[in-house]
2 protein chains.
Amino acid sequence: MGTKSILTIGTLAKATGTNIETIRWYEKVGLLEAPDRTPGNYRAYTAAHLSRLSFIRRARDLGFSLDQIRTLLGIAEQQDQSCEAIDAIARGHLVDVNQKIAALQALGRELDSVIGQCRHGRVAECRIIEALAPTAK
Amino acid sequence: MGTKSILTIGTLAKATGTNIETIRWYEKVGLLEAPDRTPGNYRAYTAAHLSRLSFIRRARDLGFSLDQIRTLLGIAEQQDQSCEAIDAIARGHLVDVNQKIAALQALGRELDSVIGQCRHGRVAECRIIEALAPTAK
DNA sequence: ATGGACACTGTAGTCGCTACAGGGTCAAGG
DNA sequence: CCTTGACCCTGTAGCGACTACAGTGTCCAT
């Protein structure tokens, strides 16, 4: 029962759907703790690494930046503090996401109207080009 | 009347709302033709540069990549060809934009539900952290 | 002559990876 | 025992689209 089962980087990669290079990169930038090494210098990950990496990937999927994740992880370690800060980060991120959606929707509408003007003629009279070059009459 | 009025890079930058460094960078990557130089080695832009840069910036605002813009500019120069290709690029880009919107909306919904679970207690029982770390019960 | 605004080149940094190149390690099969 | 092939290691360079210097030169008004 004291036996720690060890994971290679490849196993960890498959288990979390992460690229091997990405895992090494998370280590390099201090997101994922550097694991012990085997005698052959292979990284030997533990279950703790697996759950931490899962956390990171899930947060990435939700669009958090690595910096935000670093902060979240830092807070998550101080189990007895209030989780206001976590809530604030998540809410702030949601605001960002909603802003991005609004911007993209505006852009989509504009693109749509530009495309709607194309009469499929020659380039010289293409309305798309005209729409893109407002100063060049 | 044969006098060509010349624009410095700073004037061009202000006129198009572009960073000076960005203009030099567009030149470096072949999007904006390198202008003649003054005796003091300053870039001397013409009205043609202004309208081309306006085109680039407008297309960037609409979310086209520099590669797409390069293609658009290349087509725009061949005035007597059909504008099918331009239409195709614009339509393809619209598809991308709509996909991005859908992805962000899904993400926003998920974030929303994660945030909704926060009971503002201590980190140890924070539902946001739990939601992010699905394997670490 | 001098000050300040503007311009020049070149390099490094951003974010979040991805893609090598050139090696070392390990387990299974012959 | 040896080879094959899958896996792992380090280190570096590249992506897109810029941004931010550092160190130097130019221009114009006073």
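Note: hydrogens, waters and symmetry copies are ignored here, and every other heavy atom, side chains too, is used.
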So, for [X] and [Y], which heavy atoms are closest and what is the spacing to 0.1 Å?
X: A:V123; Y: B:S82; answer: CG2-O, 3.6 Å
X: B:L111; Y: A:F64; answer: CD2-CZ, 3.8 Å
X: B:L53; Y: B:L32; answer: N-CD1, 4.2 Å

Ranking A:R70 and A:G40 by the position along DNA chain C of their nearest nucleotide, the one closer to 5' is A:R70
[X] vs [Y] side-chain heavy atoms within contact, under 4.5 Å:
X: A:I23; Y: A:H49; answer: no
X: A:R70; Y: A:L31; answer: yes
X: B:L12; Y: B:T18; answer: no
X: B:L72; Y: A:I128; answer: no
X: B:R127; Y: A:C83; answer: no
X: B:E33; Y: B:R52; answer: no

Evaluate the side chain to side chain contact (heavy atoms under 4.5 Å, CB included) criterion for residues A:Q81 and B:R122: first the C-alpha distance (whole Å), next the side-chain angles of each, then the deciding distance (0.1 Å), finally the verdict.
-> CA-CA 5 Å; A:Q81 290 209 325; B:R122 283 168 300 122; over 6 Å; no
Closer to the 5' end of DNA chain D via nearest nucleotide, is it B:L66 or B:Y42?
-> B:L66
Going by number, which of residues 19-33 of chain A have a non-hydrogen atom under 4.0 Å from DNA chain C?
-> A:N19, A:E21, A:T22, A:W25, A:Y26
What residues in residues 98-108 of chain A put a non-hydrogen atom under 4.0 Å from any atom of DNA chain C?
-> none
Atom-pair distance ([atom1] on [X]; [atom2] on [N]), nearest Å:
X: A:N41; N: D:dC7; atom1: CG; atom2: C1'; answer: 14 Å
X: B:I56; N: D:dG16; atom1: CD1; atom2: P; answer: 16 Å
X: B:I69; N: D:dG16; atom1: CD1; atom2: P; answer: 13 Å

Working for side chain to side chain contact (heavy atoms under 4.5 Å, CB included), residues B:Y42 and B:I6 | CA-CA 11 Å; B:Y42 283 20; B:I6 287 177; over 6 Å; no
Side-chain N,O (A:R43) to OP1/OP2 (D:dC8) below 4.0 Å | no
Any side-chain N or O of A:R37 less than 4.0 Å from the OP1 or OP2 oxygen of D:dC8?
-> no
Is A:T38 touching bases, backbone alone, or none of the nucleic acid, heavy atoms closer than 4.0 Å?
-> nothing
What is the 5' to 3' range of DNA chain C, first to last nucleotide, that sits under 4.0 Å from any heavy atom of chain A?
-> C:dG16 to C:dC26
